[in-house]
Amino acid sequence: MRIWCCLCFGEEEDSKKGYKSMRDPILGNNGDESPDENLAFDWRNVFEGVNVVAVVSPQAGAAGDLGVPKNEEIDFDSNWLSREVEVTNENYSGEKMLDVNLNLGLSGEASSSSVLKEDSDRDTCSKRPKVNSFSLDWDNHLLQETSYLCPMNEGGGDMSLSNLLGATDAEEKDSKMEDLDVRMDLTDDLLHMVFSFLDHIDLCRAASVCSQWRAASSHEDFWRYLNFENKQISSNQFEDMCRRYPNATTINLYGTPNIHPLAMKAVSSLRNLETLSLGRGQLGETFFQALTDCHVLRSLTINDATLGNGIQEIPISHDSLRLLQLVKCRVLRVSIRCPQLETLSLKRSSMPHAVLNCPLLHDLDIASCHKLSDAAIRSAATACPLLESLDMSNCSCVSDETLRDIAQTCGNLRVLDASYCPNISLESVRLVMLTVLKLHSCEGITSASMAAIAHSYMLEVLELDNCSLLTSVSLDLPRLQSIRLVHCRKFIDLNLHCGMLSSITVSNCPLLHRINITSSALKKLVLQKQESLTTIALQCPNLLEVDLTECESLTNSICEVFSDDGGCPVLKSLVLDNCESLTLVTFCSTSLVSLSLGGCRALISLALRCPYLEQVSLDGCDHLEVASFCPVGLRSLNLGICPKMNMLHIEAPQMASLELKGCGVLSEASINCPLLTSFDASFCSQLKDDCLSATTSSCPLIESLVLMSCPSVGCAGLLSLQSLPNLTYLDLSYTFLVTLQPVYESCLQLKVLKLQACKYLTDTSLEPLYKENALPALCELDLSYGTLCQSAIEELLACCTHLSHVSLNGCINMHDLNWGFTGDQLSHIPSVSIPHGSSLGEQQLPNEQPKRLLENLNCVGCPNIKKVFIPMAQGFLLSSLNLSLSANLKEVDIACYNLCVLNLSNCCSLESLQLECPRLSSLFLQSCNIDEEAVEAAVSRCTMLETLDVRFCPKICPLNMTRLRVACPSLKRIFSSLVPS
């Protein structure tokens, strides 16, 4: 005999009725099958992911025969569905030998068998087969089959193993008490509401939790829609489902094998069937005859099927059918008599004849019925006087005569799709009640057809895509809301007076010249890539956005359309990108917020009087010469992409940032921005002192001022900076300054001073910084590429102790970086005095030397630096030192407690490296000609070093990185060449 692992479907007493009675309500057996046939049913093709309990034939004995202790339930994982437990019974009356074979299929090996010997006395049962849970791979077929069979038992009942195996009353009571301890106590109404959100597979899983959930999940409300689409379901299985759920209202049999017998069973056994979907097969004539017996059927859908034998007439008659869809069906002739039918679709069906007797039909779809003749279409449509929607697209034989007959017969026709009907021109056609008209790719539609369309005063949607002979559209339709004109190759003129027009789609009409639109509902207009468009007239009081990108023929007159008196009084966004014919643009608008003129390369003059303008884009306007922004609401403006600009006027009360970088010919600038905080005039070589003075006077809040490469700015202009009490950042790089005295007098709050390549500064020009305490707030100084002598640099580094960031990149006069003080150096420091005749070593220098605040020092590309010596006392706060590209640097001796980053890359002459930097985390020695031993010794005293870069170092072998890790255990990343250099 066999013990099967499956779901419990029966009542509580089913466990006492025998194995066969438990399977009958599921498989539809009538009790005449043999036990072997019952056991041959393959449950693996039914369920997936459902928790199950053991079900045992009563011939196997009571629970005690299997050694099941009291108060225990064995809950099997769904993976046990495919396993058989074979039990060999040697002697039913005496001692029994049970051979439990659990073939798990793991790694191709079967699990070991368990031999259980028990006494027949139930009181002596103390052992049971140990069942472990395993995770197995299942056939993909399981998921496909789950949906057509419900693992529910309508009768409910307890699923405990004690019930199934016939346990004693005491054992059953104890088992139920244990079940009460863990059961979630939910009312039936609450469960019903929760389960209403579950699909069929989840309902199957919920059924295995407890008897209450099983009963709740099997409620017929959840099984009114049975979906067997593309499932391999047999006739017996479907018959069983129909018997289990006789009140099902919706059945989907699309893609199932042998749809005819299944469909016959559905219409004959399901008296409450309302919706039926079929397809992919052949339906005989008897099915359509049987439809009359399914009285409550409301919807029938047949897709991709052969009706009858394909060469006979199929009559479809039903008194209550409301929706009928015969899509892509093959039939010679169809006759439909459905007095209640409202929607009919014969789309893509190959039938040359169709007879309709449907007096209440509202929607008819005969799209792509290529075999229907013009007369057949006329006969079918005119037989439905209440028709409201007609789709005859891709019916190439339809003529204007047919449309005239339909218009006369179907007075309520509101939707007409006649796309891809080349023979219609709408001549003498009057469709007064029409609201939607689609005429895609109708070659007969011309400008003369607009006279017929104009009579459809109720029209709301008009689509004329790909009407290749259409040249102009002029319509005055009060209800028109949407119009489409795409790929109309000969289209020239568009004239619309439609008060409710809200959507216009015009695209790829290469000859379109003129557009005149009057609408109170239009809010957005997009007319991109209309190369020939020259004239636009708009009367749209609610228009907010306009996009005319790449309308290359637009002229300067377009500005009048979008100004205050141009018919668009509330316009907020205007895009005129790549309109290359615009030369003089002038806008006066109190509503415009965003303007884009990117790519208008011919633009030479721009005047904006838009007080609420917040965004403007001038990218690519490289020929702009004169610009006026008076007034505007801009908060930032970048005119650095206009190299030819020579005159600029700005009045922007809200502007905070202005960038004129690269306006090399700008000679006249009037800037009135009282809230301006950042002003960048880099490379404005024609900017003079009077312009700078006027700007600083009208913009007193400037904090950052960049005058790099402004050679025309002199002392008078710098003295005017005293009008800027908040100035903290000043860039005078690449200027011809000789003295910094105007800066010292005017910029008392300056924190950052950049003097790159100021080669005319004298060696004493920086002495006021440390001798006269000028610029006391200065913390960052950039002297890169300057010509200051070595002594001036040394004095600056030694005496100007309040600097935190110093850049000396490319200083050719800088030879050594030696922070070990000499007597001459100390004599210049007021806090240090050396008595005559005393040696330097006798003084307590580290205690008396001034405290440096320097944190960042850059000496990149200083070709004459040969030695760097920084003792611990001098560079206490130094955290970053960059000496890269110093080709002649040979010796580096640094002892800095806070140094974190040291860059010596491309110092090809480096020979000696001594470091005592306990906080150094990154060391860069790329392309340095230094020995491996020197590097090893240097990193050994850097206990926090994490990153080391020794790429392209010819004397360091990439294969010996282990030595460096041993010398410095904190290293996490070493960058080295893949092969030895």
Side-chain angles (χ1 to χ4, degrees), residues 463-465 473 480-488 491-496 498 500-564 566-603 606 608 610 612-621 632-634 641:
E463 298 182 3
L464 300 170
D465 295 357
V473 171
L480 187 64
Q481 299 177 14
S482 174
I483 186 171
R484 282 180 57 91
L485 292 159
V486 179
H487 291 288
C488 297
F491 189 59
I492 297 176
D493 190 8
L494 176 62
N495 190 354
L496 299 174
C498 310
M500 299 182 64
L501 187 64
S502 60
S503 175
I504 299 177
T505 303
V506 179
S507 177
N508 296 102
C509 299
L511 300 181
L512 181 61
H513 272 359
R514 294 176 298 276
I515 290 181
N516 188 349
I517 299 174
T518 300
S519 171
S520 300
L522 190 63
K523 294 184 177 181
K524 184 175 182 178
L525 178 62
V526 179
L527 299 171
Q528 296 181 352
K529 297 183 179 180
Q530 304 303 316
E531 296 88 350
S532 301
L533 184 62
T534 58
T535 304
I536 296 180
L538 299 176
Q539 291 297 325
C540 305
N542 294 310
L543 188 62
L544 299 177
E545 301 178 35
V546 175
D547 189 347
L548 298 173
T549 300
E550 296 188 33
C551 293
E552 301 175 354
S553 301
L554 284 177
T555 61
N556 298 330
S557 60
I558 195 68
C559 300
E560 300 176 2
V561 177
F562 300 115
S563 293
D564 283 339
C568 305
V570 296
L571 184 67
K572 294 185 179 299
S573 175
L574 176 60
V575 179
L576 296 171
D577 292 347
N578 298 306
C579 295
E580 299 184 356
S581 297
L582 297 179
T583 57
L584 304 174
V585 173
T586 301
F587 288 112
C588 180
S589 172
T590 55
S591 63
L592 196 62
V593 175
S594 175
L595 174 64
S596 181
L597 294 166
C600 297
R601 302 188 180 280
L603 185 63
L606 174 64
L608 301 178
C610 307
Y612 296 102
L613 186 66
E614 296 179 359
Q615 297 179 356
V616 61
S617 175
L618 298 172
D619 294 343
C621 299
V632 292
L634 295 172
I641 34 73

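Numbers here are sequence positions counted from 1.
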Check: residues 582-600 side-chain donor-acceptor pairs under 3.5 Å, at least two apart:
| from | atom 1 | to | atom 2 | distance (Å) |
| --- | --- | --- | --- | --- |
| T583 | OG1 | N556 | ND2 | 2.9 |
| S589 | OG | S591 | N | 3.2 |
| S589 | OG | S591 | OG | 3.3 |
| S589 | OG | L592 | N | 3.1 |
| S591 | OG | P569 | O | 3.2 |
| S591 | OG | L571 | N | 3.3 |
| S591 | OG | L571 | O | 2.7 |
| S596 | OG | D577 | OD1 | 2.5 |
| S596 | OG | D577 | OD2 | 3.3 |

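In this structure, the separation between CG on L548 and CD1 on I536 is 4.5 Å, given to the nearest 0.5 Å. Here the CG-SG distance, from L543 to C568, works out to 5.0 Å after rounding to the nearest 0.5 Å. Going from atom CG of D493 over to atom CG of N495 covers 6.0 Å, rounded to the nearest 0.5 Å. Atom CD of E545 sits about 10.5 Å away from atom CG of L522, to the nearest 0.5 Å. To the nearest 0.5 Å, the span separating CG on L480 from OG on S502 amounts to 9.0 Å. Here the CE-CD distance, from M500 to Q481, works out to 4.5 Å after rounding to the nearest 0.5 Å.
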*asked:* As a quick check of understanding, evaluate side-chain contact (heavy atoms from CB on, under 4.5 Å) for L525 and I517, giving each step before the final call.
replied: CA-CA 10 Å; L525 178 62; I517 299 174; 4.3 Å; yes
*Stepwise, does the side-chain contact (heavy atoms from CB on, under 4.5 Å) test hold for S507 with K529?*
CA-CA 7 Å; S507 177; K529 297 183 179 180; over 6 Å; no
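Within the structure, side chain to side chain donor-acceptor pair (under 3.5 Å) contacts touching residues 513-526 (residues at least two apart or in different chains) are H497-T518. For residues 503-513, the set of pairs meeting the salt bridge (Lys or Arg N to Asp or Glu O under 4.0 Å) definition, not counting sequence neighbours, is empty. Listed by first and then second residue, the side chain to side chain donor-acceptor pair (under 3.5 Å) pairs involving residues 532-543 amount to none (not counting sequence neighbours).
In this structure D619 satisfies the side-chain contact (heavy atoms from CB on, under 4.5 Å) test together with S617, I641, sequence neighbours excluded. Applying the side-chain hydrogen bond (donor to acceptor under 3.5 Å, both in side chains) criterion to E463, with sequence neighbours excluded, gives H440. Annotation: side-chain hydrogen bond (donor to acceptor under 3.5 Å, both in side chains) contacts of E614 (sequence neighbours excluded): none. Every side-chain hydrogen bond (donor to acceptor under 3.5 Å, both in side chains) that T555 has, sequence neighbours left out, goes to S557. Residues satisfying the side-chain hydrogen bond (donor to acceptor under 3.5 Å, both in side chains) test with T549, not counting sequence neighbours, are D547.
One N or O on the side chain of S581 and one on the backbone of E552 form a donor-acceptor pair closer than 3.5 Å.
In E560, the CD atom is not crowded: 12 or fewer heavy atoms of neighbouring residues, nucleotides or ligands sit closer than 6.0 Å.
Contact detail for C509 and H487: the closest heavy-atom pair is SG-N, 4.4 Å. In terms of heavy atoms, V506 sits closest to L527 at CB-CD2, 3.8 Å. Of all heavy-atom pairs spanning E531 and P510, the tightest one is OE1-CA, 4.2 Å.
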